[in-house]
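Scope of the values below: all heavy atoms of this structure, side chains included, with no hydrogens, waters or symmetry mates.
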Amino acid sequence: MRTYHARGSHWSVADLFDRPDEGSAWSQVRYFPRLLRLFWAVNPVLATVVAVLEIGSGLFAVAEVHVLRQLIDTAQGVVTGTASLGMGLLWASALAGLALVGGLFSGQFSVRQTLAGRQQELLRREIEARCYRQAQTTPLEGLEYAAYYDRLQRATLAMEQHLYETVEVAWRGLASLVALVSLAIYLGQFHWGLPLLLVVGTAPGLITRMRFERKWYELNNELTPETRRLGVWIDLLWKRDAAAEVRLFNLGPWLVDGIQRLWLRTMRRRLQLSAAGARVSIWTDGLNALVYLAAITFSVWLLISGSASLGAYAAFFFAIQSFQSHYFDLTLSILGGIENSMRYIRDFFEFTDGPRVDLTGGRRRPGPVAQGITFEGVSFTYPGSDEPALADLNLTIRPGERLALVGENGAGKSTLVKLLMGLYQPTAGRILVDGVELRDMAPADWYRRFGTVFQDFQRYQSSVRDNITVGWVDGAGDAAALHAAVGRSGADEVAKTLPQGLDTLLGREFHEGQELSVGQWQKLAIARAYFRPAEMLILDEPASALDAQAEAAVYEHFARMAAERTVVLISHRLGSCRIADRVLVLQAGQLIEAGTHGELMAHGGAYAELYRLQAAWYR
């Protein structure tokens with residue numbers, strides 16, 4: 001895992017997404033020890049018990065072969081008078097007992113399967129938690145790359161379809177390995193060539209099949225972007241957020257047609273590979289049949305030459321079939337499956353090993369900002385873009401200052417506040433907090449200083465109370481702070497219209513959930529920012545969905561709170577800028593004007609022109 005303190009030292013897209021050369025197919029198995037350590041970490045006692053049961057299961061094969069041999073030899077002795085009937089019945093009882101005990105340790109509802117299933121559930125919980133933690137600490141810049149979502153998709157596929165099945169396959173592999181070793185030793189006591197023939201003769205076909213399995217991984221990897229696109233289009237068809245536009249614009253038939261064409265394109269590729277796989281299976285199955293015939297012929301020779309008894313000869317049929325079955329299962333279904341699954345497991349481990357922000361690492365500053373926050377030659381360019389969103393920005397924000405950011409869409413306003421909050425790191429220049437570089441400070445310590453209303457604020461499908469208190473989870477029980485935030489934001493008016501007030505469940509995704517208007521949701525988002533005891537308040541278009549009366553109330557509270565906190569306001573409604581101590585005008589990532597509302601109007605520049613254009617609509 002690559003950890004980057006203070007939201008990372010300098011890192012590049014290569015750190016996130018460059019994939020080392022896979023090398024040989026078996027090179028992927030280097031991840032298997034990590035998977036075993038993960039099994040052990042989840043529950044050491046359970047892992048030990050399951051391992052012992054699997055070893056015992058593997059010994060059943062040779063035990064059954066030996067008891068069958070003894071039973072037949074004894075039966076022959078009973079007929080010829082060289083063995084007693086009681087001994088024959090004893091061996092028959094032993095064979096029946098093995099069958100009974102074997103039933104307890106095999107099958108869908110066996111003790112072994114039950115314990116393995118329990119371990120699988122514990123593993124599911126652990127690996128999901130690891131994915132969640134990694135997703136929460138991935139540098140925010142990484143989320144700007146499409147390759148990040150490709151990797152996330154592959155990690156999710158590995159987690160859902162391959163990690164869990166690999167647990168079962170790994171334990172089966174242990175049982176088959178024990179069975180193979182014991183059967184090889186048992187058959188080798190009659191002639192060393194018999195196990196050698198079975199191993200060497202079956203190997204070419206198995207290697208061919210295992211190489212073919214790699215092609216499936218490569219195809220799935222290649223189709224990852226199209227699979228994600230298919231998921232996006234399907235979501236548009238059935239999710240509530242897009243339902244109105246899909247119906248209004250009659251997008252349903254267009255989306256269905258696109259989904260069908262994309263599905264057919266990907267399915268055609270998979271069918272072609274399946275056809276090739278069928279041809280490979282014909283060749284490998286034919287080879288296995290020839291090896292089995294050769295082994296049986298070899299057994300007949302051992303019987304004729306007197307090297308084996310009739311019981312041993314009969315047991316050979318069972319042993320050869322069992323050996324070939326376990327060998328095939330171990331090398332193709334198990335080792336081959338593990339080797340193929342390891343490609344997907346690798347995707348999981350590469351995701352969890354990706355760059356991670358150390359939220360607690362770095363310097364901590366006691367008390368609020370005293371001198372100010374300074375941008376020195378700061379530039380930022382989004383991934384995949386040739387033009388910087390911000391270019392050579394020089395700015396100082398004084399403690400307790402009311403700052404307004406103005407500019408057209410895409411001017412760099414939201415980017416500036418994300419840099420200020422430490423969510424992004426500058427691609428050039430630096431940001432200083434009381435003379436200390438921001439990237440050297442502990443992210444968690446810096447984040448707690450901000451209360452924010454994002455332009456694309458979240459609508460949590462939970463209660464009204466939860467929608468507000470998520471802004472400060474540690475203070476969720478502070479009734480006084482909650483009451484103040486609800487009153488200042490106008491959220492009290494929202495709560496009064498709901499059947500259970502602050503405890504009303506919101507969102508139509510749950511039974512009895514109440515839906516709010518966009519403006520009402522925005523009041524909850526403002527309350528969330530007010531509830532947080534932060535020294536800096538960021539308001540990104542906080543009144544865009546509010547009516548005129550509610551908007552006036554928000555800015556009135558904004559003006560009062562500014563005496564207590566540093567406030568940054570982003571707004572396209574320039575009338576609100578009158579209450580700011582300083583207005584910054586951004587254009588194409590450049591700071592082109594700065595001053596009070598009155599100074600900028602007197603200057604007659606870009607700000608004055610924008611103000612006059614808006615004012616014309618109110619005349």
Please check: side-chain N/O of [X] versus main-chain N/O of [Y], any donor-acceptor pairing under 3.5 Å?
| X | Y | result |
| --- | --- | --- |
| Glu226 | Thr266 | no |
| Lys413 | Leu569 | no |
| Thr427 | Ser379 | yes |
| Asp434 | Gln371 | yes |
| Thr227 | Leu223 | yes |
| Arg532 | Gly471 | yes |
| Asn394 | Gly377 | yes |
| Arg582 | Glu401 | no |
| Arg528 | Val470 | no |

Is the closest side-chain heavy-atom distance between [X] and [Y] below 4.5 Å?
| X | Y | result |
| --- | --- | --- |
| Tyr530 | Leu537 | yes |
| Thr469 | Phe531 | yes |
| Trp446 | Met536 | yes |
| Lys523 | Asn467 | no |
| Met421 | Tyr447 | no |
| Leu416 | Val568 | no |
| Thr566 | Val369 | no |
| Leu419 | Ile431 | yes |

Within this structure, what is the [atom1]-[atom2] distance for the pair [X] and [Y], rounded to the nearest 0.5 Å?
| X | Y | atom1 | atom2 | answer |
| --- | --- | --- | --- | --- |
| Asp466 | Thr504 | CG | OG1 | 11.5 Å |
| Leu539 | Thr452 | CG | OG1 | 8.5 Å |
| Leu502 | His483 | CG | NE2 | 10.5 Å |
| Thr396 | Leu432 | OG1 | CG | 9.0 Å |
| Arg449 | Ile373 | CZ | CD1 | 9.0 Å |
| Leu420 | Leu438 | CG | CG | 8.0 Å |

Subject >> Test of ring centre spacing under 6.0 Å for Phe375 and Phe380 >> reply: no

For [X] against [Y], the heavy-atom pair lying closest together:
| X | Y | value |
| --- | --- | --- |
| Ala606 | Ile592 | CB-CD1, 3.9 Å |
| Val378 | Pro426 | CG1-CB, 3.9 Å |
| Gly400 | Asp581 | O-OD2, 4.2 Å |
| Gln520 | Thr497 | NE2-OG1, 4.1 Å |
| Ala389 | Tyr382 | CB-CE1, 3.5 Å |
| Ser489 | Val486 | OG-O, 3.4 Å |

Subject >> Check: Glu515/Trp521 side-chain N/O donor and acceptor closer than 3.5 Å >> reply: yes

Carboxylate-amine/guanidinium proximity below 4.0 Å for [X] and [Y]:
| X | Y | value |
| --- | --- | --- |
| Arg363 | Asp440 | no |
| Glu609 | Arg612 | yes |
| Arg34 | Asp353 | yes |

